[in-house]
Amino acid sequence: MSTSHAIRHIRITPIAFRDPPLLNAAGIHEPWALRSIIEIETASGLVGINESYGDEPMLDALAKAAPALVGLSPWALNEMEQRVAALVAPPVQTASEFLGQQVSLAPGTHVSKTVAKVVSAFEVAMLDLQGQMANAPVVDLLGGAARCSVPFSAYLFYKYAEHAGQPYAPDAWGEALTPQQLVAQAQRMMGQYGFQSIKLKAGALPPDEEAAGILALAKAFPGLPLRIDPNANWTVETSLRIVEKLRGVLEYYEDPAPGLDGMAAVARACEVPLATNMVVTDFAEFRRNAEMGCPVKIVLSDHHYWGGLRATQRLSTLCRTFDLGLSMHSNSHLGISLVAMTHLCASVPLLTYACDTHYPWQDEEVIEGGRLQFEAGSLRVPTTPGLGVRLDRHALARLHDNYLHCGIRNRDDLGQMRKYDPSFDGRQPRF
Ligand SMILES: O=C([O-])C(=O)C[C@H](O)[C@@H](O)C(=O)[O-]
Ligand SMILES: [Mg+2]
């Protein structure tokens with residue numbers, strides 16, 4: 001075997017795993033969620049892994065950039081970034097192309113984020129390789145652990161009991177459309193995972209029903225930090241009316257109204273700090289928020305589209321400079337993403353809130369040893385080399401087979417909702 005650690009080969013494997021019928025502002029989750037598994041192999045036979053988005057545009061961008069990394073050292077992250085940027089820079093959009101674009105929650109559709117997403121996909125796998133070579137966990141490569149475990153939040157969704165044309169047995173969570181069902185969902189999730197805070201994905205039902213859901217949670221879990229996230233599906237007026245109903249119960253208010261201007265209008269008349277994963281999603285938007293006097297007070301980062309673990313560390317420094325809070329957003333994901341997020345969050349001294357994770361909604365895994373275990377709502381930071389998790393090849397083959405047969409190539413919550421309600425038009429803000 002060669003002693004050279006130069007990158008010899010990169011494999012990208014699209015996968016699909018079961019995802020429940022979760023409601024959101026855009027519509028409803030499809031029965032299968034897509035991801036990609038990235039493997040970077042060195043001439044010496046080491047394999048660094050990562051997990052990222054699995055929609056078609058992302059797979060195309062990964063395939064386009066991968067050959068340019070062959071021959072690089074796993075330490076050459078800056079050079080990797082330059083090569084990726086040169087190859088997958090987004091096409092320049094004309095003003096008319098921007099007009100009439102629908103707000104989308106689908107991660108593969110943010111064209112402007114392509115470079116950051118591809119850089120992140122390769123960066124984490126290269127860090128995994130670096131850790132294996134240096135016999136150090138990724139958190140040590142990021143400067144060392146500021147905490148030995150990372151807190152996560154219960155992420156509640158309104159949901160149906162079954163998918164339209166349910167392709168497998170219905171999930172164990174059942175329906176959640178009323179405050180009572182929502183509290184039961186929370187009790188079950190808290191019982192299984194021990195989370196110490198709760199987020200409700202809103203923007204799906206009429207806002208007063210969702211406010212009643214939060215008030216029921218406040219009664220069932222007195223003193224527990226609560227958040228609500230309508231994904232910009234409320235007007236400024238609705239946002240202000242609902243936050244008044246929720247006086248005294250919210251830890252933060254996530255993306256109530258559309259756009260930074262909408263958020264600024266809410267911020268001017270509301271005491272609860274505003275958080276976002278929709279209007280501060282890159283460094284240019286960070287600057288605009290700062291220029292406007294920081295109406296958004298908490299940035300919910302996501303290393304998958306902010307450009308990786310190191311870019312999120314840079315973001316954390318900026319947040320500290322501008323006295324902003326920092327936590328993490330998530331999309332449907334498996335354990336590699338979760339463990340990468342855990343290394344990152346352990347390395348960031350300023351982590352002001354428990355992170356989001358969709359993990360409880362997934363019942364499949366792609367790593368050896370099966371699902372990651374939470375203790376009192378937190379995950380221990382691995383101390384073994386690299387990310388500290390390895391691919392389960394049988395699981396990878398099975399999830400890839402799901403991908404080949406599921407018929408989904410791009411996330412489409414709106415199209416899926418039309419199967420239940422053909423008149424659903426996805427117009428936002430809806431309420
Ligand atoms: O905090 C958020 O905005 C999200 O987690 C976005 C996701 O797409 C979520 O709405 C979902 O999975 O339905
Ligand atoms: Mg959000």
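Whatever order the structure lists them in is the order used to number ligands and atoms, beginning at 1. Because the structure is a prediction, the values reported are computed rather than measured. Just so it is clear, the values below take in all heavy atoms, side chains as well, and ignore hydrogens, waters and symmetry mates.
None of Trp173, Tyr155, Tyr193 except one satisfies the ring pair (Phe, Tyr, Trp, His ring centres under 6.0 Å) rule with Trp361; the exception is Trp173.
By the 4.0 Å heavy-atom criterion, Arg411 is counted among the residues contacting ligand 1. Within the structure, ligand 1 has Asn331 among the residues with a heavy atom less than 4.0 angstrom away. By the 4.0 Å heavy-atom criterion, Ser330 is counted among the residues contacting ligand 1. Note on ligand 1: His358 sits in its first shell, one or more heavy atoms being nearer than 4.0 Å.
Geometric assessment of Arg83 against the ring of Phe122 yields a negative cation-pi assignment under the 6.0 Å and 45° thresholds.
Using the six-membered ring where Trp is involved, Tyr359 and His333 have ring planes that are parallel, under 30° apart on the 30 and 60° scheme.
Proximity of Leu391 to Arg393: side-chain heavy atoms (C-beta onward) are separated by under 4.5 Å at one or more points. Looking only at side-chain heavy atoms (C-beta outward), Leu217 and Leu156 come within less than 4.5 Å of each other.
Shown in contact with Phe157 at under 4.0 Å from a heavy atom are these atoms of ligand 1, numbered in order with element: 11 (C), 12 (O), 13 (O). Taking every non-hydrogen atom of Lys201 and a distance limit under 4.0 Å, the qualifying atoms of ligand 1 come out as 1 (O), 2 (C), 3 (O), 4 (C), 5 (O), 6 (C), 9 (C), 10 (O). Close approach to Tyr155 involves these atoms of ligand 1, each under 4.0 Å from a residue heavy atom: 1 (O), 2 (C), 4 (C), 5 (O), 9 (C). Near His29, the atoms of ligand 1 lying under 4.0 angstrom from a non-hydrogen atom of the residue are 11 (C), 12 (O), 13 (O). Within ligand 1, counting atoms from 1 as listed, the ones closer than 4.0 Å to a heavy atom of Asn231 are 2 (C), 3 (O), 10 (O).
Taking the Mg ion (ligand 2) as reference, Asp229 places its N/O/S atom OD2 nearest. For Glu254, the N, O or S atom with the smallest separation from the Mg ion (ligand 2) is OE2.
With 2.8 Å as the limit, Thr276 does not count as an N, O or S neighbour of the Mg ion (ligand 2).
Residues Tyr353 and Tyr252 bring their aromatic ring centres within 6.0 Å. Note: Tyr53 and Tyr305 fail the aromatic proximity criterion, with ring centroids not under 6.0 Å apart.
Contacts of Lys199 with ligand 1, taken as heavy-atom pairs under 4.0 Å, involve the side chain alone. Heavy atoms of Asp229 found under 4.0 angstrom from ligand 1 belong exclusively to the side chain. Under 4.0 Å from ligand 1, not a single heavy atom of Leu22 appears.
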Kindly determine whether Ser337 and His304 satisfy side-chain hydrogen bond (donor to acceptor under 3.5 Å, both in side chains), including the steps that lead there. CA-CA 8 Å; Ser337 280; His304 300 88; 2.8 Å; yes

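The neighbour count for Arg398 CZ, taken as heavy atoms of other residues, nucleotides or ligands under 6.0 Å away, is above 12.
No side-chain donor from either of Thr312 and His303 sits under 3.5 Å from a side-chain acceptor of the other.
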